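Structure record follows, encoded as structure tokens.
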There are 2 protein chains.
Amino acid sequence: MPLPGKKRRYHHGDLPTALIDTAIELIDEKGVASFSLAEASRRLGVTVAAPYRHFADRDELLAAVAARAAREAAVAIRAESGTEDAPAEQLAGLARGYVRFAVTKRALFQALFGAGLDKPKYPDLAAAAEQVASTAFPPAIELCGGDKAAGADLAMTVGAVAHGFAMFLLDGEFGTGDGMVDKVAGQASQAVHDLIRGRLSR
Amino acid sequence: MPLPGKKRRYHHGDLPTALIDTAIELIDEKGVASFSLAEASRRLGVTVAAPYRHFADRDELLAAVAARAAREAAVAIRAESGTEDAPAEQLAGLARGYVRFAVTKRALFQALFGAGLDKPKYPDLAAAAEQVASTAFPPAIELCGGDKAAGADLAMTVGAVAHGFAMFLLDGEFGTGDGMVDKVAGQASQAVHDLIRGRLSR
DNA sequence: GTCTATACCCGGATAGAC
DNA sequence: GTCTATCCGGGTATAGAC
């Protein structure tokens, strides 16, 4: 019976999940680039051969991490955009949630965009990523008066804006103050508002 | 006397520059992550020890590549935004130029943003990056009626928008069609226009 | 300024025992 | 499902000769 508050290590119960958890820890500590199966194995107290029973190779484990990332991102984003009623507010909330997710779940975000994965190769990942994208489409299409092509264009634009702010923030381009995350998340949300207002008045 | 059209290899003339050129080739071929001094040395026909006379380590060479990237980016962006007269057009041109640069000079762009460099550690790089940023400020401040804080905010927003489109495009999120580059560059430029119009009508 | 040689460390991945 | 053992390849970085 594991003590509460004591981080539980691998108990020969579920190595795949333990590997994913450990991968996230390691990515948090040293970045995706230097993540290795060997180090994850060491930290879990299993040998380097063990992971290969569950994942074909390093990339397949990273893809599993990325898939979890996409699922969590979808949840986090919906939590910030789903409470809104107006479609413009939903898209602005999406951008805010996206930026916050990138920073608070740095490792997951890195697995999603910094691992150099060939996404089409991993169906689970592709499907999970689709869920994120699909959050943006309905409100975007609504704002475009039902025009699906224009809505898709707007949705991608909002995604790009959110992504740009998130990347700049992670990269330190905004500096590293304490309230910086909220400030930039607000900036992203404001940018989406401006963008929509400007677009509708074209 | 090197034949015209025949790519010149290293002639014991300028190893530092030759290393930078070769690094760019290699990054183009396999990405920054897998770039190594060893392979660059091999390709140039020098031993692995030679580069260490000129660069302290791998990161210092990558920083030199990144610094060149920033200088070239500043030139490329000015070429697309400097011909315009209206500040809004200048910022839209900047976004278009940024996206085009990211794709046409993929390796340089990767050195700038994908190498995980501690930018403050490399003064040349920081200075060159500053030049890029400084392109956006004057028109942004002008659009904000001289308000420097608001101008800085707008400039960063435009940069983030351009960056987001560029990253999504490189990542394949827009698909990989032939006219995709121009299409997305146009989308980025349009987004900046919309953003500015919306912002001014707040 | 470059080479030879080398020490060192690390990761990926597999075969075969248990 | 995990371990032991091992092979293989690769990169970083240095010392010392030329």
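Chain letters run A, B, ... following the sequence lines, proteins first and then strands; every chain starts at 1. Nothing here was measured: the structure is a model prediction, and the numbers come from that model.
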Note to self: Each nucleotide in nucleotides 5-12 of chain D should get exactly one letter: B, S or -. Can you fill that in based on protein heavy atoms under 4.0 Å?
What the structure shows: ------SS
Spacing of [X] atom [atom1] relative to [N] atom [atom2], expressed in whole Å:
X: B:L61; N: D:dA13; atom1: CG; atom2: P; answer: 12 Å
X: B:D59; N: D:dA13; atom1: CG; atom2: C1'; answer: 14 Å
X: A:E60; N: C:dG12; atom1: CD; atom2: P; answer: 14 Å
X: B:H54; N: D:dA13; atom1: NE2; atom2: P; answer: 16 Å

Residues in salt bridge (Lys or Arg N to Asp or Glu O under 4.0 Å) contact with [X], at least two apart in sequence or another chain:
X: B:E60; answer: none
X: A:R100; answer: A:E80, A:D182
X: A:K30; answer: A:E39

Checklist line | A:K30 or B:R53, whichever maps to the more 5' nucleotide of DNA chain C | finding: B:R53
Notebook entry, point to check: Got a sec, which residues hit side chain to side chain contact (heavy atoms under 4.5 Å, CB included) with A:V103, two or more places apart in sequence or on another chain?
Noted result: A:R106, A:L169, A:L170, A:V181
Item checked: Note, A:F174 side chain near A:F165 side chain (heavy atom, < 4.5 Å) -> yes
Check: Restricting to pairs with a member in residues 112-134 of chain B, which pass ring-ring contact (aromatic ring centres under 6.0 Å, His included), not counting sequence neighbours?
Finding: B:F109-B:F113, B:F113-B:H163
